[in-house]
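Just so it is clear, the values below take in all heavy atoms, side chains as well, and ignore hydrogens, waters and symmetry mates. Numbers for residues simply follow the sequence, beginning at 1.
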Amino acid sequence: RLSGISIDSRTIKSGEIFFAITGDKFDGHNYVTDAIEKGAVAAVVNRSQAEKFSSINHGRILIVNDTHEALLNLAGYIRRRTDTGFAAVTGSNGKTTTKEMLHAILNLKYRSFRSPGNLNNLFGLPLSLGMMPEETEYAVFELGISTPGEMTRLARIIKPELAIIINIGPAHLETLGSMDNVVRAKFELIDNLPVGSTIVLNADDARIVDEAQKRRLKYIGFGINNECDFQATNIGHDDAGRYFFDLGERTYRLNQCGMVNVYNALAAIAASSVWDCQADDWQNGLDAFEPIEMRMGIEQSGELKLLIDCYNANPDSVAASLACFGDQKTAGRKIAVLGDMLELGDEAGQFHLEAGRRVAKAGIDLLLCLGPESVKTAKGAIEAGLSGEAVTTFEDHAPLLDHLMRLVRSGDMILFKGSRGMKLEKIVSGLKQRQGEK
């Protein structure tokens, strides 16, 4: 019996089917034999390379014209044969957190499933569908894109009955080209919904609201500033930065910091209401939600407090992280470690300058920057009033870590924020290790 789908021979499990995917820097056909030896029930290979595998037992090699297209076709088949209710979450920031919050609410009442981690693209979606238990009643998938047309393909596979757009900001501009293209790419999800699907949108995001009005969409709105179906009021936070808000006559409390998580929670609440979840379900689900690694999580390391939000970065998420950092009460200083924001195209320099200006306004005492673009972050911070002596730039992880270890004092709090490619988690793990050695 087929137990799952894999495109990575290093992690394949017995009973899974291996798809030999070919990319710019790798070719899965080089690992077919390894996958079979590790217990793959079969391997799917391109016709052009099938001759290489003539010695493997008949029936264990499946020949197709294009392995990635075959993978997507299999995903579509899995989707068509299930009666599960599907929700799709997209946005420039907070997709994973909103997905996890929505799943936490649904899971109290139904047999629910959510796509693991950030398996959200044309490779990850099929893998996620392959993991979904047959008895699932409701499933929540996040959808991530970087090029035009990707969302259309994802939406046509997943065919969600519920679509949520949480925000639209400057992300993947290098491949999408402009903010107008980003909006169009996200709304490909709406363009490809089955008849009768429900739409949940951020009523405070001007780009989303404008596009919805152009299309004369009917939708469930969530937000803070504008009147909508799920509007939070009386918003505040405790000394640890954990937010609370009123919705109707009830107060809801989050275990997370950051105003951005109020929006994520509102999106999850609005979406879950479509499937008959109510007030008790919402708070119990938010209580059950566990913060995701490297996404605005607060940890203690020795006598230091760490705000770790370095899974990815774009201008809006950096602003959200700095705002969250500003909410924190700390006995010592606030130190920001910021890495480059990648894939921003021609406007990257301006976005990094603006990030630096935000740093200066956020009450941060010391700024450490990693990467060539973050030199502009440092410049923006100094121009906005942060002392030049408080700002240092680095090209590599090791000297930054050494400098940070010389700087820190008991009671300090450190923010780590940067794009995935900057691998700021290396600094985090190095810091924790050296703290443990003290």
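Taking a 6.0 Å sphere around CD of Glu383, one finds it holds more than 12 heavy atoms contributed by other residues, nucleotides or ligands. Within a 6.0 Å sphere centred on OH of Tyr77, other residues, nucleotides and ligands contribute 12 heavy atoms or fewer.
Taking the six-membered ring for Trp and the full ring otherwise, the centers of Tyr110 and Trp275 sit at least 6.0 Å from each other.
Checked by atom type, the side-chain pair Ser419/Asp340 shows no donor-acceptor distance below 3.5 Å. Side chain to side chain, Thr96 and Glu142 meet the donor-acceptor criterion of an N or O pair below 3.5 Å. Looking only at atom types and distance, the side chain of Ser317 has a donor-acceptor partner in the side chain of Lys417 under 3.5 Å away.
Judged by distance alone, with hydrogens and angles left aside, the side-chain atoms of Thr175 form a donor-acceptor pair with the main-chain N or O of Ser146 at under 3.5 Å.
In this structure, NE2 on His103 lies 7.5 Å from CD on Glu100, to the nearest 0.5 angstrom.
Salt bridge Arg79/Glu161: present, at least one basic N to carboxylate O contact under 4.0 Å. A salt bridge links Asp412 with Arg333: the closest approach of a Lys/Arg side-chain nitrogen to an acidic carboxylate oxygen falls below 4.0 angstrom.
The minimum heavy-atom distance between Gly418 and Leu424, with the atom names listed, is N-CD1, 3.6 Å.
The ring-ring contact (aromatic ring centres under 6.0 Å, His included) test applied to Tyr219 returns no partner, not counting sequence neighbours.
Sorted by first and then second residue, the salt bridge (charged side-chain N to carboxylate O under 4.0 Å, His left out) pairs involving residues 277-303 (not counting sequence neighbours) are Lys109-Asp281, Arg250-Asp280, Glu299-Lys432.
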